[in-house]
Amino acid sequence: MAEAVKVLIQDEAGQEEVLVESSAPLAAVVPGQDPSVLAARVADGVVDLTRPVGDARQVRLLRFADAEGRRVFRHSSAHLLAQAVKRLWPDARLGTGPALEDGYYYDLNLPVPLAESDLGRLEAAMREIAAEALPIRREELSRDQALRLFRERGETFKQQIVERIPDGTPISVYRQGEFVDLCAGPHVPHTGVLQAIKLTSVSGAYWRGDEHEPMMTRVYGTSFPSEAQLEEHLERIEEAKRRDHRQLGQQLGLFQFREESPGFVFWLPKGLRLFRRIEEVSRVLQEPLGYEEVSTPWIYKDVLWKRSGHWDHYQDNMFLVERGDEHLGVKPMNCPGHALLFGSTVRSYRELPVKWAEYGPLSRFERSGTLHGLLRVRGFHQDDAHLFVRPQQIQEQISEVLDLVDRVYALFGMTVEVVFSTRPDDYLGELETWEDAEGQLRAALAAWGRPYQLNPGDGAFYGPKLDFNAIDSLGRRWQTSTVQLDYQMPQQLDISYVEQDGSRQRPVMIHRAVLGSVERFIGILTEHYAGDFPLWLAPLQVRVVPVTDDEAARARQLVEDMRSAGLRAEVDERSEKLGKKIRDGQLDKVPVLLVVGAREREAGTVSVRSRSGDNGVYDWPTYLGQLGASAAIPTSPSASPR
RNA sequence: GCCGGAAUAGCUCAGUGGCAGAGCGCUCGCCUUGUAAGCGAGGGGUCGUGGGUUCAAAUCCCACUUCCGGCUCCA
């Protein structure tokens, strides 16, 4: 009972209305059978082009350029990968294979270990299947039919998934040639659409993400409609690799890691200059807000950790020391120490808020496989502070921290995103207190006036929190810090202040770190700037390059002038060609190279070369003044020169 | 911690069972340089550590350490 219906086709170019049989597949409404159309969005969601038009009256055509079209393309690529694996290893059992932002993966249980060197073979098999242009067909089954199908095929993992689907839910599978996969879809019309394919890596992944479940082999890949787009993507990956802070740290002589102390950083002089500069930024910006620095012990007896709750909740992440009868723990956080100091004397409400900062070393025993350059270490420093406040001061103090976060990240040309995590199911304390705290956080966020993401139920058991993601120059997100309200620590360590009415009250502790770990932050900054630190931050700001050995004396004089002005400068005195010294200066990513020869000496000038090239000749005393000014921390972002 | 891979000179890497190599860096000498690599010579190695197989191991096998890609974790 085919009936002709009017369908409105929407495409990026515009829309048109066509008349089509309702029993025809959606593909029939695609103008000119355009092969770049991968799927369609109708009222029910994104669907296959093989689906009948049915009662759809508005159809949006999806291509690779659409995020939804891209997901379909990548998901079909994952099926292609799984099919290729099954052709090479028929005993392989399928797990799951979703699309990712930039590609896809498939988790499989394989009879043999798979190495990255096997990926070429696998890619070849994928290309073969693509060349076969197998039609991809959807089938709907009952739960029993699906169970039987996957049991017959020995797909035990798929069986597990089906078993978890409630009875009565329609189940879909997709077939392409000999391959069948349990899948909600949708998919591209046939495998020939999947043109440019690349498998990128292979690794292990727990089944269902649970470390008690078996380990699957996960193969990662990406795919594009054309080789040119694939090339472009691989080029972006190369760019990210060139920015890898571990590589730049080695190349620029900033820091090292050594086998003798896994997870701890060896800072070289240049790296430590960066480190100190970052700390300076933190101090300069927060001291006017009434922060004061304290220094507390880094090893405490188990008694303290038991009182603070770390012994029960955090012991696995602590370095423990046993010395005779004493059990000691190296601090993973500053809060208990700060709370002890706060409680060491009677505090009046007049003193609050108390804001104590500490940059000292923290140690956390991270599992060996989680260490990653500066981004995940066992020994680090935070721009940590604890605010002891009266409950009614929460909002104003959070607002102040939000403002500080904005100003700090603006210095580095980064913005932040905020995630607000609220009361979890297993919360401690009074419901009323929680509601008040969350209300104050919400008010502070509203005053801040920017959108934020809500993460209900993801707060800490002791209080709600705000997480910050910094966004770098490549658009990548990095979790840098959290601001957490804590009602438990003051109680556990029994600290209080005297209220206006003479009563003893518990302060609320606000844990906050703006940069988070300084180590991690430097790793992020290195990648953000690709090692081209701005002048005010660069470990070496100026290198003087004498044209001949005869100019070395003046070059040294210039460096002395600069050092007196507080600049970080040095001379390249090697007996090398000018071109060589320029090249090395560029490779060392020095912001300013001053070329000085006989001409400059006679005229009292310097020839300036920045990272972008020759900047011309300047009068030395004038230029020195300018340099000094632009090398200062640009506390007002508009005044920040790169 | 788990899965897979890797470890050779200071750095980046070549070397698949038979005398340990290259480029850069380093030292010395020559050159005296004008905006991205001047020339020559020299020094430099427990081939990650320990065990095994073999007439013979950087190379094959086992264990450990560390790193890399992920997973898990990151109150």
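Order of the sequence lines sets the chain letters (A, B, ...), proteins ahead of strands, with each chain counted from 1.
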Peer 1: Students often get this wrong, so: under 4.0 angstrom with heavy atoms, is A:Tyr220 touching a base, only sugar-phosphate, or nothing?
Peer 2: sugar-phosphate

Peer 1: How long is the line joining CG of A:Leu268 and C1' of B:rC11, in whole Å?
Peer 2: 13 Å

Peer 1: I'd like to know if A:Asp494 and A:Arg506 make a salt bridge, using a cut-off of under 4.0 Å between side-chain N and carboxylate O.
Peer 2: yes

Peer 1: Does the separation of the ring centres of A:Trp356 and A:Phe388 fall below 6.0 angstrom?
Peer 2: yes

Peer 1: Any salt bridge between A:Glu211 and A:Arg367, counting N to O under 4.0 Å?
Peer 2: yes

Peer 1: Is there a side chain to side chain donor-acceptor pair (under 3.5 Å) between A:Tyr618 and A:Gln626 once you walk through the steps?
Peer 2: CA-CA 11 Å; A:Tyr618 294 81; A:Gln626 287 171 12; over 6 Å; no

Peer 1: Scan every strand shown for a Watson-Crick or G-U wobble partner of B:rC67, both distances under 3.5 Å, and answer none if you come up empty.
Peer 2: B:rG5

Peer 1: Give me the distance, rounded to whole Å, that separates B:rC26 from B:rG43 when you measure between the C1' atoms they each carry.
Peer 2: 8 Å

Peer 1: Report the base-pairing partner of B:rC60 (Watson-Crick or G-U wobble, both distances below 3.5 angstrom), or none.
Peer 2: B:rG52

Peer 1: Output the rounded distance in Å from CG (A:Asp244) to C1' (B:rC67).
Peer 2: 12 Å

Peer 1: Taking the nucleotide of RNA chain B with the closest heavy atom to each, which residue, A:Gly263 or A:Val595, is nearer the 5' end?
Peer 2: A:Val595

Peer 1: Phosphate oxygens OP1/OP2 of B:rG25: is one of them under 4.0 Å from a side-chain N or O of A:Lys580?
Peer 2: yes

Peer 1: The side chain of A:Leu587 lies closest to which of these nucleotides: B:rU35, B:rA75, B:rA36?
Peer 2: B:rA36

Peer 1: Using whole Å, report how far CD of A:Gln250 lies from C1' of B:rC68.
Peer 2: 15 Å

Peer 1: Looking at every strand, decide which applies to A:Gly209 at a 4.0 Å heavy-atom threshold: base, sugar-phosphate, or nothing.
Peer 2: sugar-phosphate

Peer 1: Between A:His75 and A:Tyr104, does the ring centre distance come in under 6.0 Å?
Peer 2: no

Peer 1: Under 4.0 Å from OP1 or OP2 of B:rU72: is there any side-chain N or O of A:His212 that close?
Peer 2: no

Peer 1: What is the nucleic acid contact for A:Leu593, judged by heavy atoms within less than 4.0 Å: base, sugar-phosphate only, or nothing?
Peer 2: nothing

Peer 1: In Watson-Crick or G-U wobble terms, both distances under 3.5 Å, what is the partner of B:rG44?
Peer 2: none

Peer 1: Look at the side chain of A:Ala115 and decide which nucleotide, out of B:rA75, B:rG5, B:rG34, has an atom nearest to it.
Peer 2: B:rG5

Peer 1: For the side chain of A:Lys577, starting at C-beta, report the closest nucleotide among B:rC71, B:rC67, B:rU33.
Peer 2: B:rU33

Peer 1: Remember a base hit wins even if backbone is also touched, and classify A:Met489 as base, sugar-phosphate or nothing at under 4.0 Å, heavy atoms.
Peer 2: nothing

Peer 1: Can you tell me how far P of B:rU33 sits from CG of A:Asp584, to the nearest Å?
Peer 2: 20 Å

Peer 1: Between P on B:rC71 and CZ on A:Arg376, what's the gap in Å once rounded to a whole number?
Peer 2: 12 Å

Peer 1: Which part of the nucleic acid, if any, lies within reach of A:Ser368 when heavy atoms closer than 4.0 Å are counted: base, sugar-phosphate only, or nothing?
Peer 2: base

Peer 1: Hey, does the side-chain of A:Arg367 have a donor or acceptor N/O within less than 3.5 Å of a partner on the base of B:rU72?
Peer 2: yes

Peer 1: For B:rG38, what is the paired nucleotide under Watson-Crick or G-U wobble rules, both distances under 3.5 Å?
Peer 2: B:rC30

Peer 1: Between A:His313 and A:Phe461, is the gap from one ring center to the other below 6.0 Å?
Peer 2: yes

Peer 1: Would you say A:Arg246 places a side-chain N or O within less than 4.0 Å of OP1 or OP2 belonging to B:rC68?
Peer 2: yes

Peer 1: Whole angstroms only, please: what is the OH-C1' distance between A:Tyr314 and B:rC73?
Peer 2: 10 Å

Peer 1: For the pair made of CZ in A:Phe257 and C1' in B:rU65, what is the distance, rounded to whole Å?
Peer 2: 17 Å

Peer 1: Does a distance-only test, which skips hydrogens and angles, find a donor-acceptor pair under 3.5 Å between the side chain of A:Tyr206 and the base of B:rG1?
Peer 2: yes

Peer 1: Heavy atoms under 4.0 Å, any strand shown: does A:Glu116 hit a base, just sugar-phosphate, or nothing?
Peer 2: nothing

Peer 1: Any Lys/Arg nitrogen of A:Arg378 or A:Glu366 sitting under 4.0 Å from an Asp/Glu carboxylate oxygen of the other?
Peer 2: no

Peer 1: Looking at every strand, decide which applies to A:Ser575 at a 4.0 Å heavy-atom threshold: base, sugar-phosphate, or nothing.
Peer 2: base

Peer 1: Classify A:Arg258 by what it touches in the nucleic acid, base, sugar-phosphate, or nothing, heavy-atom distance under 4.0 Å.
Peer 2: nothing

Peer 1: Any donor-acceptor pair under 3.5 Å between the side chain of A:Glu600 and the base of B:rG34?
Peer 2: yes

Peer 1: For A:Arg242, is there an ion pair with A:Asp244 - N to carboxylate O distance below 4.0 angstrom?
Peer 2: no

Peer 1: Considering only side-chain heavy atoms of A:Leu578, which listed nucleotide, B:rU66, B:rC68, B:rU35, is closest?
Peer 2: B:rU35

Peer 1: Watson-Crick or G-U wobble partner for B:rA22, using a 3.5 Å limit on both distances?
Peer 2: B:rU12

Peer 1: Within this structure, what is the CG-to-P distance between A:Leu100 and B:rG69, rounded to whole angstrom?
Peer 2: 17 Å

Peer 1: A:Ser201 side chain: which of B:rG1, B:rG69, B:rA37 is closest?
Peer 2: B:rG69

Peer 1: Here's a test of your reading of the structure: between A:Val617 and A:His372, which maps to the more 5' nucleotide of RNA chain B?
Peer 2: A:Val617

Peer 1: From the set B:rC73, B:rG70, B:rA75, return the single nucleotide nearest to any side-chain atom of A:Ser203.
Peer 2: B:rG70

Peer 1: Distance criterion of 3.5 Å, no angle test: do you see the side chain of A:Arg599 paired donor-to-acceptor with the base of B:rG34?
Peer 2: yes

Peer 1: Which is true for A:Gly579 with a 4.0 Å heavy-atom rule: it touches a base, it touches only sugar-phosphate, or it touches nothing?
Peer 2: sugar-phosphate

Peer 1: Roughly how many Å apart are B:rU46 and B:rU65, using the P atom of each and rounding to a whole number?
Peer 2: 23 Å

